[in-house]
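These notes are about the structure you will find just below.
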Amino acid sequence: MTDIVNIEAVTASGTEIFVPLNKLKKSPRNARKTPHSEAHVEALAASIAVKGMLQNLVVEPEQDADGGPTGSYLVTIGEGRRLAQLLRAKRKQIKKTEPIRCVLDTENDPQEISLDENVTREAMHPADQFERFRELSERKGWGAEEIAARFGVTPHVVRQRLRLGAVSSRLMQVYRDGGLTLDQLMAFAIVEDHARQEQVYDNLSYNRDPSQIRRDLTRMHIAATDRRVIFVGPEAYAEAGGIILRDLFTEDHGGFYEDVALLDRLVIEKLERVAAEVQAEGWKWTSVHIDHPHAHGLRRSYPQPVDLSAEDEAAYEAAQAEYNALTEQYDSAEDLPDDVDQRFGELEAEIERMDAKRHAYDADDIARGGVFVVLNHDGAARIERGFIRTEDEKPEPEVDAEADEQGYAVTEDGEIIEDGDRDRVSASETEDEEAEDDGKPLSDLLIRDLTAHRTLGLRLALGEQPDMALLAVTHALAAQTFYRAVEAHCLDIRPTSVNLASHADGIEDTAAGKVLADRHAAWAADVPRDVADLWGFIVGLDQASVMALFAHCASLTINAVKQPWERKPRAHETADKLATALALDMAAHWTPTTRTYLGRVTKAHIVAAVREAVSDEAADRIAGMKKQPMAEAAEQLLAGTGWLPSLMRTPEPAWLAAEQPEAREVAEAEGVPQAQDGDGYPIAAE
């Protein structure tokens with residue numbers, strides 16, 4: 001080794017010398033003109049700090065204008081290492097005068113050897129790098145942080161390389177041979193089960209997109225966005241011994257949960273804890289389900305209006321008065337003081353608490369009824385109160401014991417019928433003669449005859465009084481909408497309400513679904529508890545309220561759902577006409593998102609939607625994307641445009657279509673989907 005002090009006297013090419021760091025300069029004849037990246041310099045600095053300089057710098061003496069030495073040296077080979085040492089000096093890890101081992105070269109062309117160093121070398125195959133990182137971890141016992149510090153990369157990068165190094169050796173060889181791309185290899189690395197990796201590889205079809213590989217590998221797992229995961233939480237799942245698979249190469253939104261049975265058990269256990277708290281309210285039973293048992297067939301009771309206690313009423317009035325006073329005092333203020341803002345929140349909570357007390361379940365309903373506790377679509381517990389099982393219904397009124405002993409029965413209308421008259425009598429003359437005897441009731445045949453005539457009279461009269469017909473139909477609908485299996489109406493009208501939740505997952509949790517549920521609950525709270533009082537209730541309503549109740553009951557019977565096995569073109573035509581008459585704008589109730597539409601149709605449908613709603617340029621920008629990113633980008637582009645699939649569009653009125661034939665022709669020419677009759681709508685591919 002040559003002493004640093006004597007480096008100026010060394011002139012023989014190929015001699016190893018030590019040059020102070022502050023005497024090394026970048027050579028103007030270095031072949032590399034593109035600067036080294038910060039990440040590369042950082043990695044070199046970390047490597048040198050741990051392992052020292054593994055390669056010497058190649059330098060030549062710097063000369064002044066007269067050809068004399070300046071005392072500095074130009075770095076022909078190793079500029080990256082020089083920058084790494086300067087970075088270490090900047091961080092006070094070494095001195096600026098730290099001696100750097102170099103090789104003096106005064107014979108070769110600096111530009112040529114600089115180029116030669118970068119051209120005549122072959123980079124290590126990534127597969128070898130991945131496996132060596134894995135071996136380091138296993139042999140040395142180093143974690144990702146330790147390896148990252150020794151190689152100047154982030155722990156995340158190390159974890160990625162370790163995961164890739166754990167891929168099946170068979171697939172790694174396929175990658176070496178060019179049979180898999182790096183993106184595909186990264187997709188296989190989402191699981192560490194080599195047998196599973198090879199099974200999916202053997203079953204790959206023509207579609208070898210990384211996203212498809214990930215879907216196949218995680219088909220039996222639960223995504224972190226699932227409502228069950230949101231409800232339980234990753235901490236509780238991991239604490240119970242569950243394993244979470246993480247995709248280190250893409251945004252996995254929290255990973256994939258491996259143990260489905262464990263997750264379901266944790267969900268049920270947590271729902272049962274919620275149910276125990278609810279049952280403490282006094283309910284007879286609670287029933288826990290992950291999915292709501294829509295076909296339970298139980299009658300449901302609703303809370304009824306109750307008067308507040310004097311104490312609660314006084315508290316409510318005091319809170320409302322203070323709230324109104326503060327509102328008036330700070331009406332013109334742009335920003336509220338923190339204490340005032342906090343007080344507003346407290347008063348609002350108090351008023352809401354008192355308002356909630358204005359409706360309560362009947363104590364008898366609580367004693368007989370129960371509660372469903374289910375997992376909502378947003379990952380929260382959903383509590384549905386007030387269901388009455390058949391065996392818990394109030395018993396029907398018993399037959400009068402005295403009447404039974406005397407051989408006659410009493411009808412709902414209070415009419416007495418003898419047992420002997422329950423049998424059909426063949427001759428009407430005999431019936432009439434028996435009817436003349438004192439104490440003899442009317443025969444069944446005569447009762448049927450008379451009531452048939454009365455029914456005819458009712459039909460004739462009701463048809464001449466539209467207002468009363470509205471009341472009668474409203475009563476018939478309401479009796480069957482809010483009361484279970486009660487024959488309390490005389491109009492033979494049978495409303496049927498299809499459960500939409502069985503057709504569209506999460507539909508009851510949409511804004512429109514909640515509005516309808518609130519409207520139904522409000523009417524359920526208003527109608528009398530006893531169906532016998534329903535007629536008087538409806539007759540006592542004003543015209544607007546009768547119309548509102550009628551409209552609500554009628555609305556629940558609408559069924560415009562298209563089933564693949566059904567052929568009801570006329571019904572769907574009528575639904576279109578009804579939508580037109582109602583001026584229905586589904587854009588106010590539904591928006592196309594990745595979950596509701598864009599993630600469930602083909603890429604062609606997505607591009608067409610963006611092209612129609614936004615522009616050709618926007619559609620062209622996303623056309624080359626993969627399915628999931630394309631759907632997410634389209635969701636942002638379509639937001640606020642009001643775009644709807646053709647199935648959800650309301651046909652324009654006939655008069656408007658007649659006035660604008662040219663507009664329709666232009667739209668058809670541009671490929672804008674138009675509503676068609678019957679089953680002629682284009683249906684999005686699932």
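Every heavy atom of this structure was used, including side-chain atoms; hydrogens, water molecules and symmetry mates were not.
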Review point. Given the rule in the side chain to side chain contact (heavy atoms under 4.5 Å, CB included) test, do H605 and T602 qualify, once you have shown the distances and angles that lead to the verdict?
Key: CA-CA 5 Å; H605 280 86; T602 64; 2.7 Å; yes

Step by step, work out the side chain to side chain contact (heavy atoms under 4.5 Å, CB included) result for L86 and L21. CA-CA 7 Å; L86 288 175; L21 178 59; 3.9 Å; yes

Query raised in the report: Can you list the steps and then say if R32 with E79 is a salt bridge (charged side-chain N to carboxylate O under 4.0 Å, His left out)?
Result: CA-CA 9 Å; R32 184 190 293 271; E79 174 61 15; over 6 Å; no

> R227 and D291: salt bridge (charged side-chain N to carboxylate O under 4.0 Å, His left out), yes or no, with the steps?
Replying inline: CA-CA 11 Å; R227 59 192 172 119; D291 296 308; 2.2 Å; yes

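Salt bridge annotation for D259-R265: absent, with no cationic side-chain nitrogen under 4.0 angstrom from a carboxylate oxygen. Salt bridge status for E617 with R621: absent, with no side-chain N to carboxylate O gap under 4.0 Å. Ionic pairing of R29 and E60 is present here: one or more N-O contacts between side-chain nitrogen and carboxylate oxygen are shorter than 4.0 angstrom. K95 has no carboxylate O lying under 4.0 Å from a charged side-chain N of E98, or vice versa, which leaves the two without a salt bridge. Between R649 and E612 a salt bridge is recorded (basic side-chain N to carboxylate O distance below 4.0 Å).
More than 12 heavy atoms of other residues, nucleotides or ligands shown are found within 6.0 angstrom of NZ on K51. Atom CZ of R595 sits in a sparse spot, with 12 or fewer heavy atoms from other residues, nucleotides or ligands closer than 6.0 Å.
For the residue pair H194 and V167, the shortest heavy atom distance occurs at NE2-C, 3.8 Å. A pairwise comparison of heavy atoms in A148 and T154 identifies CB-C, 3.8 Å as the closest pair. Heavy atoms only, all atoms of each residue included: L24 and I100 are closest at CD1-CB, 3.9 Å. Minimum interatomic distance between L271 and V374 (heavy atoms only, all atoms of both residues): CD2-O, 3.9 Å. When all heavy atoms of A613 and T641 are compared, the pair lying nearest together is CB-OG1, 4.0 Å.
Inspection of the Q197 and S168 side chains reveals no N or O donor paired with an N or O acceptor under 3.5 Å. Side-chain N/O atoms of R196 and Q199 include a donor and acceptor closer than 3.5 Å. For the residue pair Q173 / D177, a side-chain donor-acceptor distance below 3.5 Å is found, with atom types taken as modelled. If you check the side chains of D209 and S211, you find a donor sitting under 3.5 Å from an acceptor. Q628 and E632 are linked by a side-chain donor-acceptor pair at a separation below 3.5 angstrom, with hydrogens and angles left out of the test. A donor atom on one side chain and an acceptor atom on the other are not found under 3.5 Å apart for T70 and D64.
Interatomic distance, K96 NZ to R88 CZ, rounded to the nearest 0.5 Å: 15.5 Å.
Under the rule for a salt bridge (charged side-chain N to carboxylate O under 4.0 Å, His left out), the partners of R132 that lie at least two apart in sequence or sit in another chain are E135. In this structure D216 satisfies the salt bridge (charged side-chain N to carboxylate O under 4.0 Å, His left out) test together with R219, sequence neighbours excluded.
Although no hydrogens or angles enter the test, the distance criterion places a donor-acceptor pair under 3.5 Å between the side chain of D105 and the main chain of E107.
Ring pair Y175/H125: centre-to-centre distance below 6.0 Å.
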